[in-house]
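All residue numbers in this chain count up from 1 along the given sequence. Computed from a predicted structure; not experimentally measured. Scope of the values below: all heavy atoms of this structure, side chains included, with no hydrogens, waters or symmetry mates.
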Amino acid sequence: MIAFVSGRVAALAPDTAVVEVGGVGMALQCTPGTLAALRVGQPAKLATSLVVREESLTLYGFADDDERQTFELLQTASGVGPRLAQAMLAVHAPDALRRAVATGDEKALTAVPGIGKKGAQRLLLELKDRLGDPVGPGAGTGVGSAAGPGWREQLTAALIGLGYATREADEAVVAVAPQAEAAMAEGAQPAVPQLLRAALQTLNRAR
């Protein structure tokens, strides 16, 4: 198993990062939040999970080991494959998922594209004894979350990468702009992963 990859970021796409490892470009499927923290030409270290199928080998990349472990545990539930597990992590941080399952928060799970009410109810039952208890806020050990200049463009690209229309993405960016501007007013850089989760909540309410 490939536990992690470390090297220079060679390319970024809406759902993929290419990391150069020993002269080989390794393509990793990543959540928008993880991708938002990467920069082409800069070094990165990503925890990974290799998904083996009869017709393909797919490497998934994560900001830290907690995300990777949660990704793998989510797939122990019936009907949850790697794509849906990744979508769940795109909307919710690992601890938020643990909290949702521990408290039976059905609404939190239906905020994930592809999960309906019945699916959320089933997942709450199946995952209750698998994800563990929330561990509280903690600093990640991976790539970090500062977005730097261009947070609007990164957030828009992340939402489009999740399948939302450009118009929907633009409206969600406008909705979370005050949150980003408040961070900048305090001298901090907007954190795209947090903004992405807020934007997804806005889009879910608008449906």
Side-chain angles (χ1 to χ4, degrees), residues 1-77 79-94 96-97 112-115 140-166 168-169 172-173 190-197 199-200:
M1 176 182 176
I2 302 174
F4 69 88
V5 299
S6 179
R8 183 183 64 86
V9 178
L12 293 172
D15 61 356
T16 307
V18 178
V19 179
E20 184 178 343
V21 181
V24 177
M26 303 192 73
L28 292 85
Q29 299 288 314
C30 302
T31 65
T34 297
L35 291 168
L38 302 176
R39 299 289 180 276
V40 173
Q42 297 298 310
K45 181 178 180 180
L46 297 174
T48 58
S49 179
L50 181 63
V51 176
V52 180
R53 294 287 185 267
E54 186 175 341
E55 70 284 355
S56 66
L57 298 174
T58 306
L59 197 60
Y60 289 82
F62 308 92
D64 54 37
D65 289 333
D66 189 22
E67 280 194 358
R68 187 259 308 280
Q69 183 179 22
T70 303
F71 171 80
E72 293 174 346
L73 286 172
L74 289 171
Q75 292 177 74
T76 64
V80 179
R83 288 291 185 181
L84 184 55
Q86 190 180 50
M88 293 172 74
L89 285 168
V91 177
H92 299 295
L97 282 172
V112 178
I115 297 181
T141 58
V143 295
S145 60
W151 69 266
R152 290 176 183 272
E153 292 78 8
Q154 293 185 58
L155 183 56
T156 300
L159 290 167
I160 292 173
L162 280 173
Y164 289 98
T166 301
E168 292 176 308
V173 168
V192 171
Q194 284 80 2
L195 292 175
L196 176 63
R197 292 184 181 108
L200 287 167

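Residues forming a side-chain hydrogen bond (donor to acceptor under 3.5 Å, both in side chains) with Q29 (at least two apart in sequence, or on another chain): T16, R83. Annotation: side-chain hydrogen bond (donor to acceptor under 3.5 Å, both in side chains) contacts of T31 (sequence neighbours excluded): T34. Qualifying ring-ring contact (aromatic ring centres under 6.0 Å, His included) partners for Y60, counting only residues two or more places apart in sequence or in other chains: F71. Judged as a side-chain contact (heavy atoms from CB on, under 4.5 Å), and not counting sequence neighbours, the contacts of A17 are L12, C30, L35, L38. Looking at residues two or more places apart in sequence or on another chain, you find a side-chain contact (heavy atoms from CB on, under 4.5 Å) between L73 and Q69, L131. For L50, the side-chain contact (heavy atoms from CB on, under 4.5 Å) partners two or more places apart in sequence, or in a different chain, are V52, L57, L59. R68 is linked by a salt bridge (charged side-chain N to carboxylate O under 4.0 Å, His left out) to D65, counting only residues two or more places apart in sequence or in another chain. Under the side-chain contact (heavy atoms from CB on, under 4.5 Å) criterion, A77 pairs with V80, L123, E126, L127, R130, sequence neighbours left out.
Taking every heavy atom of both residues into account, S6 and V19 meet most closely at C-CG1, 4.2 Å. Heavy atoms only, all atoms of each residue included: L196 and L155 are closest at CA-CD1, 3.5 Å. Smallest separation of non-hydrogen atoms from E67 and L89: O-CD1, 3.6 Å. Across A44 and V9, no two heavy atoms sit closer than the pair CB-CG2, 3.7 Å. Of all non-hydrogen atoms in R197 and A90, the two that sit nearest each other are CG-O, 4.2 Å. Closest non-hydrogen pair, G79 versus L84, comes out as O-CD2, 4.0 Å.
Screening residues 27-36 for salt bridge (charged side-chain N to carboxylate O under 4.0 Å, His left out) gives no qualifying pairs among residues at least two apart or on separate chains. The ring-ring contact (aromatic ring centres under 6.0 Å, His included) analysis of residues 2-31, with sequence neighbours excluded, yields no pairs. Applying the salt bridge (charged side-chain N to carboxylate O under 4.0 Å, His left out) test to residues at least two apart or on different chains, the pairs with a partner in residues 4-31 are R8-E20.
Using a 4.5 Å cut-off on side-chain heavy atoms (C-beta onward), V91 and P113 make contact. Taking the side chain as every heavy atom from C-beta outward, V112 and H92 approach each other to under 4.5 Å. Two residues are said to be in side-chain contact when any heavy atoms from C-beta on lie closer than 4.5 Å; M88 and I115 meet this criterion.
A 6.0 Å sphere centred on CD of E55 holds more than 12 heavy atoms belonging to other residues, nucleotides or ligands.
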